Amino acid sequence: MGAVMGTFSSLQTKQRRPSKDIAWWYYQYQRDKIEDELEMTMVCHRPEGLEQLEAQTNFTKRELQVLYRGFKNECPSGVVNEETFKQIYAQFFPHGDASMYAHYLFHAFDTTQTGSVKFEDFVTALSILLRGTVHEKLRWTFNLYDINKDGYINKEEMMDIVKAIYDMMGKYTYPVLREDTPRQHVDVFFQKMDKNKDGIVTLDEFLESCQEDDNIMRSLQLFQNVM
Amino acid sequence: MAAGVAAWLPFARAAAIGWMPVANCPMPLAPADKNKRQDELIVLNVSGRRFQTWRTTLERYPDTLLGSTEKEFFFNEDTKEYFFDRDPEVFRCVLNFYRTGKLHYPRYECISAYDDELAFYGILPEIIGDCCYEEYKDRKRENAERLMDDNDSENNQESMPSLSFRQTMWRAFENPHTSTLALVFYYVTGFFIAVSVITNVVETVPCGTVPGSKELPCGERYSVAFFCLDTACVMIFTVEYLLRLFAAPSRYRFIRSVMSIIDVVAIMPYYIGLVMTNNEDVSGAFVTLRVFRVFRIFKFSRHSQGLRILGYTLKSCASELGFLLFSLTMAIIIFATVMFYAEKGSSASKFTSIPASFWYTIVTMTTLGYGDMVPKTIAGKIFGSICSLSGVLVIALPVPVIVSNFSRIYHQNQRADKRRAQKKARLARIRVAKTGSSNAYLHSKRNGLLNEALELMGTPEEEHMGKTTSLIESQHHHLLHCLEKTTNHEFIDEQMFEQNCMESSMQNYPSTRSPSLSSHPGLTTTCCSRRSKKTTHLPNSNLPATRLRSMQELSTIHIQGSEQPSLTTSRSSLNLKADDGLRPNCKTSQITTAIISIPTPPALTPEGESRPPPASPGPNTNIPSIASNVVKVSAL
């Protein structure tokens with residue numbers, strides 16, 4: 001008798017019993033929701049044609065091909081979101097934390113503020129940075145520093161940027177990073193850039209001050225032959 | 001740095017333009033891209049199947065066959081392609097590794113063939129991706145076990161003269177198939193175990209009547225015969241046990257093992273019986289001891305693999321069985337109590353107490369139903385039926401669940417342990433990769449420094465050391481160098497960092513006493529005068545040799561994490577090399593600082609020192625105290 005009951009109950013446990021449990025329904029609903037979200041992010045984006053991009057940027061067809069291959073390899077869906085961006089950038093700076101600077105960089109690349117960087121945005125920004133005129137490069141940098149995109153750089157924004165740059169150095173530096181090092185750096189920067197000493201740097205002040213400084217001019221030309 | 005993101009290096013370098021206006025110093029020069037070729041397709045012919053890929057794809061991993069110039073050996077001039085006489089299936093995985101940065105292990109592939117191919121292409125199996133790593137390790141372990149078994153069986157057939165007599169005997173006991181003598185011994189003991197067990201059983205069978213008395217069991221009728229049989233068996237078992245004890249490689253471990261305990265328990269009753277003569281008081285206990293003779297049947301487990309597996313099964317399933325027992329006990333207690341109180345009213349009830357009701361409950365729940373105890377009241381019958389129904393549920397359900405649970409949990413545990421072990425290994429791999437890339441930069445910096453110093457000294461033969469890094473690596477290092485210049489700080493490794501912490505804390509201290517060490521690192525750094533920084537760094541570089549040990553005691557993490565202790569010594573030795581003349585001058589000032597800082601109790605962190613420096617200690621008088629103090633510190 002016991003054996004019979006045993007086998008009978010074992011058969012029952014093998015069958016799947018569709019229980020109308022509330023918990024079960026909720027779980028299914030959540031799973032469907034997650035799957036929907038996944039589907040949305042899997043949307044593929046294809047860039048405009050090669051000729052159009054060639055016309056819009058300063059790259060040759062071959063260079064665009066190489067760039068796109070690298071881009072597509074890392075982001076098969078055709079767009080980069082902030083997380084992927086941060087991860088990619090963090091690989092280059094294993095010592096410290098590159099996430100904040102990557103965040104600001106992402107927002108500088110994402111000109112339309114959609115939350116994702118398409119290949120066109122990527123290539124446009126690269127074109128400015130690598131092949132643009134000095135004016136364009138400085139303008140792009142100003143845009144990077146201007147976190148809230150209001151046309152002015154104030155001390156807090158600069159503090160954030162400089163702090164993010166120092167974060168990339170990590171902990172083990174020589175000399176030891178102190179708490180006030182970024183602040184001092186920002187003060188030096190403002191001393192140089194802020195002509196009328198009103199506490200904010202406008203685009204014109206920025207352009208003027210940078211063009212006066214030989215170091216900056218020279219270093220802007222540094223990455224000419226990156227591609 | 002993963003090869004996949006090497007394609008994003010131009011982007012990272014372009015983004016570095018964002019640092020330029022913030023930097024106060026000029027940036028270092030970019031590494032020149034000397035052999036900049038247009039990216040070309042190369043054809044790889046593997047046993048007739050042609051693969052094509054970009055040259056830069058292969059160059060992502062320069063320390064493999066395909067990424068280095070080693071592939072030129074396979075270049076076929078006539079067909080202008082690289083020909084490899086290897087398996088094209090595995091080559092597919094290898095090439096995908098270059099393309100995606102992840103190495104996968106195909107399940108249908110033989111593990112040793114795969115390993116051979118990886119070794120040929122110069123790829124370490126450790127970089128197999130996480131998705132396939134578990135499978136790979138499993139297969140590898142199985143293969144290794146198979147090889148070990150093969151080796152063992154080979155060894156068993158060989159005659160190994162180097163084994164001592166004791167070792168041969170132990171091997172004969174453990175593997176009866178090694179020699180005929182062992183086999184004979186094995187069967188003899190098996191036979192005697194069977195004889196002994198049968199004897200015990202037959203002893204109690206009633207065996208015909210002796211006229212004039214009641215029926216006797218055979219044991220008492222033929223007591224001499226049975227005694228002789230028992231003696232013979234026990235003698236054989238004793239001899240066997242003693243031989244095993246003698247031959248065991250670790251006697252202590254042998255005594256503790258289950259089989260030897262069974263042996264002892266099996267033969268003890270006989271000896272105890274011998275020792276104890278016909279004493280009425282203990283004969284009852286003596287009879288009980290005879291029960292233990294049945295344990296001889298467990299000696300069969302040496303002869304039967306199946307018994308051993310069953311025993312192991314029960315042992316590993318112990319928690320499920322324990323749960324079953326516990327739930328049963330709970331149910332029994334509940335129902336026994338209920339039945340007792342239900343039947344309390346009825347007259348001549350057999351349910352005299354709750355423990356007495358336990359018997360009824362157990363018999364009912366296991367659906368045995370002997371019928372020796374039955375409820376008579378209506379409430380009792382109701383509860384009795386509920387008891388028997390729930391007995392079915394409580395007993396019948398967990399048993400198949402236990403059986404299936406056992407196999408599932410067993411495998412799951414194994415997999416969880418495996419995964420935990422692999423997780424540690426995986427994290428270690430990630431950490432190693434991370435520190436590897438950061439160390440690579442520091443390493444190249446050191447080489448770069450070395451190059452600069454040697455260039456000054458005019459020995460050009462060491463210059464080629466710097467060129468071993470690939471173009472991508474040198475560009476990456478240039479990027480990190482630019483970051484250093486932007487922030488006016490340098491990357492160093494952890495040990496140097498600790499050293500510098502010590503130095504800066506001690507430098508803040510004796511600012512009044514040793515004016516030669518007036519440099520305060522960090523506040524007035526002139527970024528471009530790196531040479532002067534090194535010279536001020538110098539006087540303290542010898543000092544932390546004494547303090548370094550204390551630092552290492554305080555921060556044990558760094559001891560384990562330090563992978564390149566040579567880096568520290570080489571850097572300090574580099575400083576020494578660069579400025580040898582400065583050393584003797586600073587010796588006295590070093591001792592001064594040593595006196596000042598060491599007397600603090602070791603428990604305090606060195607940066608928390610607030611004691612005023614002791615008034616004018618003479619350097620000569622305190623030298624012996626330094627030695628003793630140093631010992632005190634390092635004994636922490």
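Since we're looking at a predicted model, the values are computed, not measured. Just so it is clear: chains get the letters A, B, ... in the order the sequence lines come, proteins before strands, and each one is counted from 1.
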Just one of A:Phe71, A:Phe92, A:Phe109 clears the ring pair (Phe, Tyr, Trp, His ring centres under 6.0 Å) bar with B:Phe11, so which one?
A:Phe109
Can you see whether A:Thr114 engages A:Asp110 through a side-chain donor-acceptor pair at a distance of less than 3.5 angstrom?
yes
Turns out that what part of A:Ile165 lies under 4.5 Å from chain B's heavy atoms comes down to both
Let me know if A:Ile128 has heavy atoms under 4.5 Å from chain B in its side chain, its backbone, both or neither.
neither
Counting only non-hydrogen atoms closer than 4.5 Å, does A:Phe85 touch chain B with its backbone (N, CA, C, O), its side chain (CB onward), both, or neither?
side chain
Region of A:Phe142 that comes under 4.5 Å of a non-hydrogen atom in chain B
neither
Assert top hit (heavy-atom pairs under 4.5 Å, partner chain B, pool A:Leu177, A:Leu138, A:Val162, A:Leu105) equals A:Leu177
What part of A:Val80 gets within 4.5 angstrom of chain B, counting heavy atoms only: side chain, backbone, both, or neither?
side chain
Picking from A:Phe122, A:Phe119, A:Phe59, what satisfies ring pair (Phe, Tyr, Trp, His ring centres under 6.0 Å) with A:Tyr68?
A:Phe119
Which one wins on heavy-atom pair count under 4.5 Å against chain B: A:Lys137, A:Met168, A:Arg218, A:Met158?
A:Met168
How about A:His103 and A:His107: are their ring centroids closer than 6.0 Å?
yes
Can you tell which part of A:Val188 gets under 4.5 Å to a heavy atom of chain B, answering side chain, backbone, both or neither?
side chain
Hey, which of A:Tyr145, A:Tyr104, A:Tyr89, A:Trp140 has the most heavy atom pairs under 4.5 Å with chain B?
A:Tyr145
We want to know whether A:Thr84 and A:Asn81 form a side-chain donor-acceptor pair, criterion being a heavy-atom distance below 3.5 angstrom.
yes
Can you name the nearest heavy-atom pair linking A:Ile216 to B:Met20, along with the distance?
CG1-O, 3.9 Å
Kindly state whether the ring of A:Tyr101 and the ring of A:Phe93 have centres lying under 6.0 angstrom apart.
no
